[in-house]
There are 2 protein chains.
Amino acid sequence: MARLPVYLRALVALAERGIATCSSEELAAAAGVNSSKLRKDLSYLGSYGTRGVGYDVEYLRYQIAREIGVTEDLPVVIVGIGNLGHALANYSGFTTRGFRIVALLDSDPDRVDEEVGGLAIRGHDDLERIVREENVAIGIIATPAAAAQAVCDRLVAAGVTSILNFAPAVLSVPPGVDVRKVDLSIELQILAYHEQRKALVQPIEGGVTA
Amino acid sequence: MARLPVYLRALVALAERGIATCSSEELAAAAGVNSSKLRKDLSYLGSYGTRGVGYDVEYLRYQIAREIGVTEDLPVVIVGIGNLGHALANYSGFTTRGFRIVALLDSDPDRVDEEVGGLAIRGHDDLERIVREENVAIGIIATPAAAAQAVCDRLVAAGVTSILNFAPAVLSVPPGVDVRKVDLSIELQILAYHEQRKALVQPIEGGVTA
DNA sequence: ACGATTTTGTTCTCACGTTCACAAGCTCCT
DNA sequence: AGGAGCTTGTGAACGTGAGAACAAAATCGT
C-alpha cells in the first residue's frame, strides 16, 4: 500500500523522540490517518503488535522497511539537473531514507563535470552504462516536458523499471514499468480549486464548512 | 475533482500544437485516463462538448480554468528558501499556470534581501503583513520538518487557507484550511515497494505481470 | 430532407477502500 | 490465580469511485 512509507516516517520520528512502544491510536495520529485503517494495513503485513500493549517502535520500523524494500540503499539516478534536479540532488531525505544517488545526468555538455551535492554531473551518453553497472532500477526525471519521454525510453531500455516523473508530461511505458508523477503546479491548482469553492460558499453560508 | 488540472494541462498542450477540437478519446489519452472517466468528469461541469464532434479545445480550456479558479493569477508565498524553495521560486510552471509568487520568506536573517528568481527574500517578520496586504490565500511550505508546524500556524493565523506542504511532517490545521502534502522520499519509497515486489515475483513466474 | 455515423452524456453495475464494531488476547493489579 | 482494563486483529456494513454499455444528438453525405 501507498501508506506504508508514511507509517515508516512516523515511526522514525517516534524513535527519534525516544519512544519505544506506541498504540495504533498514537501512530495513526502521527501519520495523520484513522487508527482502524492503520491496524488493517499493518495486519496485512502480519501480526507485529501485542494486544493490550501496542507496537514496538523499533521492531515495527524494521518490518515496514523490510516490506517496502529499503533495508539497504537502492541506487537511483537523476536525469535533468535544472533547478529542480539541483534541489533533488541536494535533498538529504533520499539518502537518509533508503536511497543512494549514483549519478546525475544532464543533456547540456557545458554542465558535465560540474559538481552538485558532492556528485559530478555526467552526460546522457553515460546513461546506459551507469544504469547497467550500478544495477539502477529507479530513475528520477526532472527534465523539461519535451525531453521527458525520450529520457524515459532510454531509462527503460537500459533496465530501469520504476520512474519518478517531475516533468509535466504523461509518460507511456511498457507493462511492468511503474511511473509515479509529481506535478507541482497541478498540486497548486487543486488547492486553487478548493480555494475558489471556499470563496463561493462562505459568504453565503456565513461560516467555514466543518 | 483532482483531475481537472491534468485535463487543463493536456488541453493547453493540444492548443499549443494547433489542435482546435478533440474527442474525449484523444483528450483522455493525452491526460492518461479512461475516456469514460473523462466524459463523466467534464459532464459534471456542464455540457461543453458537441455530440458527434467532440470538444472545442480553447473553449473547454477556459471553462476548466474558470472552474478551477485560475483565470486570473492567484498570489502565493513560499516559506523556506533552501534547495527546494530555490527550485520552487525559479519554477516557471507556477507563474505560467495561474499563480503569482508574491514573496519568498526565510527565517535566516543572513539570507534576507538575497535575490532568487527575481524576487528578494524577506524575513519571517514580514509574513503577516505580506499575507494581509497581498490577500494571499495559498502558502507553500518548504522548510525543514521541525519548523513546518510553526510556519503553518503563522500562515493560517494571517489568513492563508490553503497550504502546499513539502516538509516531511504532518500538519494539523483548523477546519476550513486545506493541506496538500508532497513528500519526495515517500514517492520514492512507494516505487521501491513495487520494485521489490517485481523482484520477488518475476523470477518465480518468469515474466512481467501484464 | 433523411439516414448513417460518430461522439457525447448518462445510467447501471461492480469492486475497492474506508469505517464501525466486536471478539481475541495480553498485562497488571488484587 | 483470577478478573478488570486495554489494545490488537478482523468481520461486516457502508459509501465512493471506476468501468462498461447504452441512449440522445449533431454532422455529413446522398
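Lettering of chains follows the sequences in order, A, B, ..., and the numbering in each one begins at 1.
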Can you measure B/Arg39 atom CZ to C/dT10 atom C1' for me and round it to whole angstrom units?
10 Å
Looking across every strand, which nucleic acid part, if any, lies under 4.0 Å from B/Tyr48 by heavy atom: base, sugar-phosphate, or nothing?
sugar-phosphate
Quick check: A/Tyr48 with A/Tyr59 (ring centres under 6.0 Å apart)?
yes
Give me the atom names and distance for the closest heavy-atom approach of A/Gly69 to A/Leu74.
O-CD1, 3.8 Å
Provide the start and end nucleotides, 5' to 3', of the part of DNA chain D that has atoms under 4.0 Å from heavy atoms of chain A.
D/dC6 to D/dA12
Please determine if a side-chain N or O atom of A/Ser36 lies less than 4.0 Å away from the OP1 or OP2 oxygen of C/dC20.
no
On DNA chain D, does the nearest nucleotide to B/Thr50 precede the nearest nucleotide to A/Glu25 from the 5' side, or the other way round? Give the residue.
A/Glu25
Nearest-nucleotide comparison on DNA chain C, the residue closer to the 5′ end among A/Val53 and A/Lys37:
A/Lys37
Euclidean distance, atom CG of residue A/Asp41 to atom P of C/dT18 [Å, nearest integer]
7 Å
Report yes if some heavy atom in the side chain of A/Leu88 is under 4.5 Å from a heavy atom in the side chain of A/Phe94; otherwise report no.
yes
Minimal non-hydrogen separation, A/Tyr55 against A/Ser24, with atom names
CE1-CB, 3.9 Å
Answer yes if the side chains of B/Tyr7 and B/Asp41 hold a donor-acceptor pair under 3.5 Å, and no otherwise.
yes
I'd like to know if B/Lys40 reaches the base of C/dT10 with its side chain such that a donor and an acceptor end up less than 3.5 angstrom apart.
no
Respond yes when some side-chain nitrogen or oxygen of B/Tyr55 is under 4.0 Å from OP1 or OP2 of C/dG9, and no when none is.
yes
OP1 or OP2 of C/dT18 less than 4.0 angstrom from a side-chain nitrogen or oxygen of A/Arg3, does that happen here?
yes
Any side-chain donor-acceptor pair under 3.5 Å between B/Arg9 and A/Ser185?
yes
Given atom CG of B/Leu42 and atom C1' of C/dT10, what is their separation to the nearest angstrom?
14 Å
